[in-house]
Structures are given as C-alpha cells and as structure tokens.
Enquirer: 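The structure's right below; bear with me while I get my questions together.
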Amino acid sequence: MFEDKRTGLALALPAAVFAAALFLLPVGILLSEGFRNADGWSLAPYVEFFASGRNRVVFLRTLKLAALVAGVSAVIGYATAFAIVSLPPASRGRVFALVTLPLMISPVARTYAWLVILGRTGFVNQMLVGSGLLDTPLRLLFTETAVFIGLLQLFLPLMIISLVSAMENMPRDAVPAARVLGANWFQVFARVILPLTREGLVVGGTLVFTGSMTAYITPAILGGAKVLMLETLLYQRVTVANDFASASVIAMILMVMAFSANLLLKRLATARRAR
Amino acid sequence: MSDYVALDGLTLAYGKTVAVEGLDLSIAKGELITLLGPSGCGKSTTMRAIAGLMTPSAGRIVIDGRDVTRLPPSKREVGLVFQSYALFPHLTVYENVAFGLRLKSAPDLDAKVRDGLATVGLSDFAQRAPRDLSGGQQQRVALARSLVMEPKVLLLDEPLSNLDARLRLEMRMELQRVQKETGITMVFVTHDQAEALALADRIVLMRDGAIEQTGTPEEIYSAPVSGFAADFVGFETILPDGAGGGLAWRPGAVVLGSGPNEGKVRGTAFAGERREYILESPLGTIKADTPAGAAPLEIGQSVAFDLPRERAAHLARLD
Ligand SMILES: Nc1ncnc2c1ncn2[C@@H]1O[C@H](COP(=O)(O)OP(=O)(O)O)[C@@H](O)[C@H]1O
Ligand SMILES: [Mg+2]
C-alpha cells in the first residue's frame, strides 16, 4: 500500500510509542511483580497464591462460572440466532436491534437492575412471599446463581451477534436441503449449522468466556465479598491488603486463561474441519 | 391415470400473505411436469410445501397413496434441487452426495454414491470441495445428491437459471436423459417457456398462486386459454373478440404491407433472422415481424396490415 515501507512504519510509530509507554510498560511492571520476592526473581508468589484454599476456590469458581456462562449463552445464542435469521429481513433488523440494545446501557445500571429484582425486598421475593408460597424471603443475591444470571445477561448479546453473523454467511438453502435429505433438527444442527458457524462460535465463546472471567462490576454487585471471583479478589488484594504480588498473579492468570480459551476454541474449530 | 402425487385444494401462506390458493394438481407416476409462471407466482412455495418445508393452511398432499400433509420432510421421500444448489461447503463432493444416505444408514453407501456421481459424470471429482467446481458441476452434484436417495418425486426449483445459455441446454438434455433412465417422477419449475416446452410431458402454467392452464406443450404453445397464457407463450398481439373473449397472434402471423388495417410504426428492432416492429393502430398495439431480408420500414411510416383469423388463437378470457 505504501510505496516506501518506512512511510508505513513512521505512521505507525506514534501509536506504537503510545501503546508501549501507556500500556505495555505498566502491565509489564505489574506482571513482573508476580515473579519476585524479597530476595529477587522467584515463583514464590504463585506458589503462595495457589497454596491458599480460599484462592483456589475463587480460581475454580471463576473458571466454572465463565465456562458455564459461555456454554449456556451458546445454547441460548444458537436458538435465538436461528430464530433471528429465519425472520423476514424487515423484522430481522428490528429484533436484532432489540438484542443489541442492552449493550448500549451502562453495565452498572443493568447490574443494579438485578438488585431490584433479586434483592430481599425485590420483585421475585415479593411475589414468592406475597403469594404465600414462602414465609421468609429467599437469599438470591450474593450467590453464584446471581452472579451467573448477571453475567449471562451481560454477555449473551455478544454471543447472539457472533452467531447471527455466522449464520447469515451460511448458504441460504443449506438447512432446508439437509431437512429434505432426511435430517431431523438435531442432525441439521450437528451436521450443518454447527460446522458452518464454528468460527462465530469461537469468537462468541472467547468474548463471553473472557468477558465473564474479567468482569468486575457484576460479581462485585451481585456476588459481593461472599462470592468472590478473580477480578473482585484482585481489587480486594490491592485496596484492602495492598498485596501487589497476589494482584499480579491474578492478572497473569486472567491473561493466560483468556489466551488459552481462545486457542482451545480455535483448535476445536479447525480440528473438526480438517477431517 | 392414477394419481401418484396429488395436491388437493392446497392453500399456502406466509403469515397473512397468501402465496398459493386452492391449488389442485395430480401427477402420474413417471411423469415430467413443468411448473411454469412468472417470478412471484408461487412456484417455489408449492415446491416447499410438497417437500414438507412449509405447512399448508388448507388442503392435502398425497404421495403414492399416503397423505403426507403433516409429515416432516424426512418422512416424505421427496427430493428437492434448489436454484442456489445449496451444497454443503464444509463437505467434499462425495460427502455431499452421501449426506442423506448416511442419515438413513443406507447399505452399499459407497456403491450408491459412486453410482450417483457416475450418473452425472463427476466420478473424478469426488474429493473436491464444492467451491472448486463450476456452476454446472455444482448443479450436477446437487442432482446426484437427490437422485441417490431414490425419492418418489424429484422437485427441481429453477435448477438451470443460474447457468449460461449453452450449459443450460446441455444440463436440460442431461436431465431428460436421467429422467428417461430412472423413470423418476419429476416436477421441474421454470419461468422460461422455452425450457418448459422442451422438457415437459405436461405443463402447468401458474399465475398469482393459482393454475391458469394445464396441458401438453403443444396445447400450451398453440391454444392458450387467456390473455395472460397467450402473452406468456409469445402471442404478442392480443385483441378483444367482442364476445368477452380474445384473439391473439404471434408476431409472425401478422401480415405486413397489405390488408384492411392501417398502422404507424412506433418502434423497430433487428433480431437476426427477423426484424421486429411495434405498430400503433386504431385496433390497438400490434407486434409484428418480417424476414430480415425484407425492405425495412421507418419509424413514423404508415403501413397496411392484416390479422388473419385463421392464424389467431381464440382465448376464452381476455385478461
Ligand atoms: N419467506 C417469505 N415470506 C413472505 N412472503 C414470501 C416468502 N417467500 C415468498 N413469499 C411471497 O410469496 C409469493 C410467491 O413466492 P414464490 O413461491 O417464491 O414465487 P416463485 O417461486 O414463483 O417466484 C411471492 O409474492 C413472494 O413475495
Ligand atoms: Mg422461485
């Protein structure tokens, strides 16, 4: 595109300097904290981190919730995306806009809405107690379920968007063709829709998994100190305990998990295709 | 003639839009029917309903003595070749053809797939990806994929319309050969009257979701029942007969240069063998043509013409 390679480099230079100074450097310093102790370079912070039972619980919970949110949003996402692409073009645009609408509302506002619904005197409990089904309100907030619901609501649109665009790229009559050749709906999904939308699933899955793992506001509000996740634990270590070593370890774990999730999903997608 | 396939008062709607209304049609075993009609008249919708991709809001579909109206596509033993081919891009040609056979765990799968590929002349392409094939080859794969299932009826929805003219002729002849060889019952959809005339045992002409006329290619070509049917098969001059019906002439049937009527040349076009004219006359618009060798007429020129009764088609309805 540029006649001279140097022109391109020169144009990229300001952005590169900016990124290096303001992003890579601080992240590098923070991450390097995790490989030090009083005597110099060491893996001790990692050993200490995983030695704590509470930390392991938080680590596994984060992994579990992120995987669960990604899995459930894939199931709901496929159903919703298929319904959307089956609509006539005119209403498709409207429904698609409805799906993306939550993305334009502040995550803080969206998460606080769940307090109104799930709180002790919230909508759900008022219904349950008011109708006489229960004597005392249920504890819905500050549970894994509450965090799960909050994260699902937060990230489901990303999965739906990824899958809708993947499905729009499928050959128009592939699904009816498979049905006429004798496929039931399960077979249509497994043999046609899934293989043709793998890339969308990888993108959506990575976004939802990584997003759920690194979300802060939702676990902070709906999980609080009772249901810590890595991100809320990180914040707590820094602000309460001034423990930068643990914070650095957590940051590294989050980063490694995000990259691994993406690689794993990509691997899954291409391995099947090569067959 | 026993009805192998029968559509009985079929009404098909998309939400509130009625696409096909009260369609009756019966097809004999081994017959090659073409469904002919302009775009939007409900041909594809009818195919989708026969294949089970859409549930009728009224009426019945019977195939080989069995009422299949409420059955899913997988239980109907119907094949459907789509205009867009609808091959599976993630599978090889071989796996595309094997797709339906695998689903029903057919015995002799390999032999059947190889046989199917041989029938359409694609034996050497088994391991290719569909996207590496030409349009005509892709269409053959789609045909083989349906044929190997040995359906009771094979539906083809404008299967040739994405091909260029030469390939279209070649594929058409191939389809005829396959139909003769297998004796399969076929419904071929097209908006091209020449294609319909060349292929069909019987033509069903559709208009706005209903059947306008059914007949042999000869009947459809020479004895249209209405202005619409006449216009569709090339009767370009259509005039009322004064008794509610109409009279229609092909351009070649109009005599130019002599006769009791007089018209003004409004337009002219050279069409190789013939030269075509549009005349404005007190009777209405007349479309005529002359051999290309005849002296050309100028635009604006007045010319005498005759509409010989004996060469007109008599239409029961003018519209
Ligand atoms: N998915 C759909 N939703 C709504 N209307 C449709 C749909 N498909 C077709 N139609 C309408 O039904 C009528 C018949 O369409 P179709 O069967 O595709 O016609 P053809 O195949 O003869 O061109 C048309 O008026 C068309 O606009
Ligand atoms: Mg059509």
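All values below come from the heavy atoms of this structure, side chains included, with hydrogens, waters and symmetry mates left out. Below, chain A is the first sequence line, B the second, and so on; all start at residue 1.
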Enquirer: Answer yes or no: is there a donor N or O on one side and an acceptor on the other, between the side chain of A/E231 and the main chain of A/A215, under 3.5 Å?
Expert: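 No, the answer is negative, given that no donor and acceptor are paired below the 3.5 Å cut-off.
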Enquirer: Counting only N and O atoms by type, is there a donor-acceptor contact under 3.5 Å from the side chain of B/D164 to the main-chain atoms of B/L167?
Expert: yes
Enquirer: Quick one: does A/R110's side chain have a donor or acceptor within less than 3.5 Å of a partner on A/P102's backbone?
Expert: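 Indeed, once roles are kept as given, a pair shorter than 3.5 Å links the two residues.
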Enquirer: Quick check for you: among B/A51, B/G52, B/P89, which has the greatest number of heavy-atom pairs under 4.5 Å with chain A?
Expert: B/P89
Enquirer: Please work out which of the three classes, parallel, tilted or perpendicular, describes the rings of B/F99 and B/F88, given edges at 30° and 60°.
Expert: tilted
Enquirer: Pick one of side chain, backbone, both or neither for A/R172, based on which atoms fall under 4.5 Å of a heavy atom in chain B.
Expert: side chain
Enquirer: Hey, which of B/R145, B/R76, B/K104 has the most heavy atom pairs under 4.5 Å with chain A?
Expert: B/R145
Enquirer: Report which part of B/L101 has an atom under 4.5 Å of a heavy atom belonging to chain A: side chain, backbone, both, or neither.
Expert: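 No part of it gets close to chain A.
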